[in-house]
> 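Here it is: the structure, laid out below.
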Amino acid sequence: MGRKAKFGDDGAVKQIKGPGRKAKKQKPPKMLPGLPKLEGDDEPKKLSHRQKQRASRRTKKKEERKLIKKEKKKGVIKDDNVKNNNEESDATKNIKSEIVKQFSDSNSSWLKSKNSKSIIPEKDDDIESYDSNSDVDDEVEGENGLESFDEDGLSDDDDYLAGTLDDVDSSNESGIEDTVLKNKKTSTKKRKTEDSDDELLPIEKAAKKLKAAKKKEDAEANEEMKMQINVASQDVFVFPASDKIDEHIPIPEVEQRIKDILLVLSNFNKFREENRSRQEYTELLLKDLCTYFSYNTFLMEKMMHLFPLEDLMSFLEASETPRPVTIRTNSLKTRRRDLAQALINRGVNLDPIGNWSKVGLVVYNSTVPIGATPEYLAGHYMLQAASSMLPVMALAPQENEHILDMCSAPGGKASHIAAIMKNTGVLIANDVNKNRAKAVIGNFHRMGVANSVISTYDGRHIPQLFKNFDRVLLDAPCTGTGVISKDSGVKMSKDETDLQRCFTLQRELLLAAIDSLNFKSSTGGYLVYSTCSVLVEENECVIDYALKKRDVKLVDTGLSFGTEGFTNLRQHRFHPTMKLTRRFYPHTHNMDGFFVAKLKKFSNIISKNDESEDNEEEIETNNVDAETTEVQDINEKPVANIKIPKHGRGKNRAVKNK
Amino acid sequence: MKQLTDDRMKVFFEKLSKYIGSNIKLLIDRSDGKYCFREKKDRVYYVSEKVLNMGSMMNPDNIISIGTCFGKFTKSGKFRIHITSLDYLAPYAQHKMWIKPAAEQQFLYGHNVLKSGLGRITESTTQYQGVIVFSMSDVPLGFGVAAKSTTECKHTDPLSVVCFNQADIGEFIRCEEDLI
């Protein structure tokens, strides 16, 4: 166990360096002072094998050199002195040798002189500054490195140094004074390194190289740091050369480049490069964002069009993190307070969702699976995203109404509707997918919803059966760009055709939903359209299409928060009442990206397509449609506070003014 | 969507009466509108007349559920009660059994109730009587059959079964695919 003292053994003192077991690193136990010493355990024992080798080599060399120097120096001393004064900034090698010469000089009085004293500290400073300086030669650096390495290695054995000094002293004919002992120490060390320079062991050479490389790296890092510090003041972002744009660069660099480009774009005039256009920067940013967040180009382009740049990053980042778990109390079976109490007793940490909902709860953490508690099984609550409660609140169902949920699976919103209706009236929960509709069966029976018919029609065929609904909820199938945190597959999988299919289906469903509404209903005639997408093509465009095709108007959703829908975005120009729609974003509202619009139906008139409207594929026309401005129902004034323009815009204005 | 035949009606009501006795008539004569039992694909649904009217306009193939499913007729002609009917049976239950919180999970996993998990039991429960199982906080958890009468329960050892599990609300998760 522990350290093994090899008293008397030859290699006893040898320490293995480097990482390893503690026992290896520790020195062997020392003999107690009073104990009789083992034979051979005296002075020379203190030197290791290598040290002895080195010492012998050193002394040999020293003597050789001294002989040469003595012969040479006698005539050169004066020149050296001049050199010293003039060329202090010369390479270290020269200086070192000078110092050596000075010390090895037989003239001790000269050594003691002020001049020499001042030189030597200067010398030390010089070396230090060399260490931190980055512009030195590789060779010089190497020497420095070696020197410091040796110093490290020998720092423990002061006695050894002293010993050699003694040797030097004795060998020195001049007998150097004690006052300059310190200086001598350094000088001997230097001499030593110089001596051993050419006959380095391979490992020492490797260490030397390594040191040199490290120095260089440090210097570069320093420069980089300086660059980064100056980022604010300087224009640091250098637009990559055209052939390097397609190169793959590591993710952290992409991140940095995104930040840089965003900075440039935030103050384009100040930071731009002269011959670069904004478009070039934007394209590079698009490419980098696609790499960094792993979106496809199409979707990222849509996102960039949708959000201002400062919001874009926060949206994308918020889309990566999951939203808090929320549950909705089933008011058919329990009250929120009772449910919260029951769940807290089970070790669930929760809070009311906010003052906009009376049934929502946010779950912070839980010791039990929140989807399998006895309360859940008994139908006291439903796991439901906060955003999914909004369309139902906007729909505001009344008791004894006939309500249709066109795309109901898995039944979260539909059961919410039933709970608000208190199980009266009739609720048709439709979903075209039979397998998904099975989830509706389970949820409805668990939640105790009894007033429902669960059907599997294609939503587009429902108007052929019923036209008498008081309210319709259409939570249309969409690309899911608002719920990327739940399903990140969207980022890569959705392209132009997917989007087109989605919004075509959405338009058809919306028209079908409007057709199945009963506009004569005393309480209703309302439709709520919602998607979990943030793209305008699936939201405002679809609503705008319906506004043109049917006699419907946008009304206030009754939701107290959320950002207003777009009335114009890039090439799109929507009806001004579009600001009554509500958008929800992960980064601003901490819920899934969502869109809610509430429409009221005024008549069964299906407007025959006038002018060019029938052959348009995209809603890109910038005319504010004429028919809605003409049909101004005075009786119903849900949009009284919205100014309806007296004239159209763009090409329509010219037509009207005639 | 059809009315139950007399035979099936008899079988069905016999089964129901095991749990709620004569309270069946409360299910049919309701103050808030007319309710009825309808059969579709051997399943029996309990549904309001208003909802039924809407449903009758639809193609039966497109309706997968209407109102509340009570259970189904097996191929051998017996009626098998489903957990989905619990909401209507629990309030009218004549024989109840309350189980302790520790035994709740066992029951919800489909296991029988042991004497050690029994909290309370309705007096005068006979052996093999249909019972509704409640948690101690009066949340209905499922159906069962009393394995022992109330008096026997008092004296039996803690590890003996007092109630056989017939259906429990854990099925909403366990068998979501074929719930009805």
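Residue numbers begin at 1 in each chain, while the letters A, B, ... track the order of the sequences.
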> Does the A/Lys333 side chain pair with the main chain of A/His380, one donor and one acceptor, at a distance under 3.5 Å?
no
> Tell me, for A/Val440 versus chain B, whether the close heavy atoms (under 4.5 Å) come from the side chain, the backbone, both or neither.
neither
> At a heavy-atom separation under 4.5 Å, does B/Leu179 approach chain A through its side chain, its backbone, both, or neither?
side chain
> So which of B/Asp32, B/Asp61, B/Thr68 has the largest heavy-atom pair count under 4.5 angstrom toward chain A?
B/Thr68
> Tell me yes or no: between the side chains of A/Asp475 and A/Ser530, is some donor less than 3.5 Å from an acceptor?
yes
> Quick one: what part of A/Ala439 sits under 4.5 Å from any heavy atom of chain B, side chain, backbone, both or neither?
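Interface part for A/Ala439: both.
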> If we count only N and O atoms by modelled type, under 3.5 Å, do the side chains of A/Asn443 and A/Ser415 hold a donor and an acceptor together?
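No, no side-chain donor-acceptor pair sits under 3.5 Å.
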> Going by atom types only, do A/Tyr381 and A/Thr373 share a side-chain donor-acceptor pair under 3.5 Å?
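The answer is yes; a qualifying pair exists.
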> Output the option from A/Ala378, A/Gly448, A/Ser452, A/Gly442 having the highest count of non-hydrogen pairs under 4.5 Å with chain B.
A/Ser452
> Decide, yes or no, whether a salt bridge links A/Asp592 with A/Lys486 under the criterion of side-chain N to carboxylate O below 4.0 Å.
yes
> Shorter than 4.5 Å, heavy atoms on both sides: which option in A/Thr424, A/Asn468, A/Ile428, A/Thr334 has the most such pairs with chain B?
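So the answer, after comparing A/Thr424, A/Asn468, A/Ile428, A/Thr334, is A/Ile428.
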> What part of B/Tyr88 gets closer than 4.5 Å to chain A, counting heavy atoms only: side chain, backbone, both or neither?
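B/Tyr88 touches chain A through side-chain heavy atoms alone.
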> So for B/Asn59, is it side chain, backbone, both, or neither that comes closer than 4.5 Å to the heavy atoms of chain A?
both
> Charged N to carboxylate O below 4.0 Å: is that the case for A/Asp338 and A/Arg335?
yes
> Check whether the side chains of A/Thr326 and A/Gln384 place a donor and an acceptor atom closer than 3.5 Å, and report yes or no.
no
> Just so I understand: if I count every heavy-atom pair under 4.5 Å between each of B/Ile66, B/Ile83, B/Asp168 and chain A, which residue has the most?
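Sorted descending by pairs with chain A, the first entry is B/Ile66.
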> Quick one: what part of B/Cys175 sits under 4.5 Å from any heavy atom of chain A, side chain, backbone, both or neither?
neither
> Within the side chain of B/Arg38, is there an N or O that forms a donor-acceptor pair under 3.5 Å with the backbone of B/Arg43?
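Side chain of B/Arg38 to backbone of B/Arg43: no pair is present.
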> Ignoring hydrogens, what is the shortest heavy-atom contact between B/Lys96 and B/Ala90? Give both atom names and the distance.
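Looking at all heavy atoms of both residues, the shortest contact is CE-O, 4.3 Å.
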> Just by distance, do the side chain of B/Gln129 and the backbone of B/Lys18 share a donor-acceptor pair under 3.5 Å?
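Side chain of B/Gln129 to backbone of B/Lys18, a donor-acceptor pair under 3.5 Å: yes, one is there.
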> Is it the backbone or the side chain of B/Glu171 that comes under 4.5 Å from a heavy atom of chain A, or both, or neither?
neither
> Is B/Ser48 close to chain A through its backbone or its side chain, or both, or neither, when contacts mean heavy atoms under 4.5 Å?
neither
> Output the option from B/Asn53, B/Val47, B/Thr84 having the highest count of non-hydrogen pairs under 4.5 Å with chain A.
B/Thr84
> With a 4.5 angstrom heavy-atom cut-off, could you sort out which part of A/Ala372 is near chain B: side chain, backbone, both or neither?
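Both backbone and side chain.
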> Does any heavy atom of chain B fall under 4.5 Å from the side chain of A/Phe444, the backbone, both, or neither of them?
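The answer is neither part of A/Phe444.
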> Name the region of B/Ile64, side chain, backbone, both or neither, that has any atom closer than 4.5 Å to a heavy atom of chain A.
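Contact with chain A: backbone and side chain both.
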> Is it true that A/Lys438 and B/Asp178 make a salt bridge, defined as a side-chain N closer than 4.0 Å to a carboxylate O?
no
> Between A/Leu427 and chain B, which part of the residue has a heavy atom less than 4.5 Å away: side chain, backbone, both or neither?
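Neither part; nothing is under 4.5 Å.
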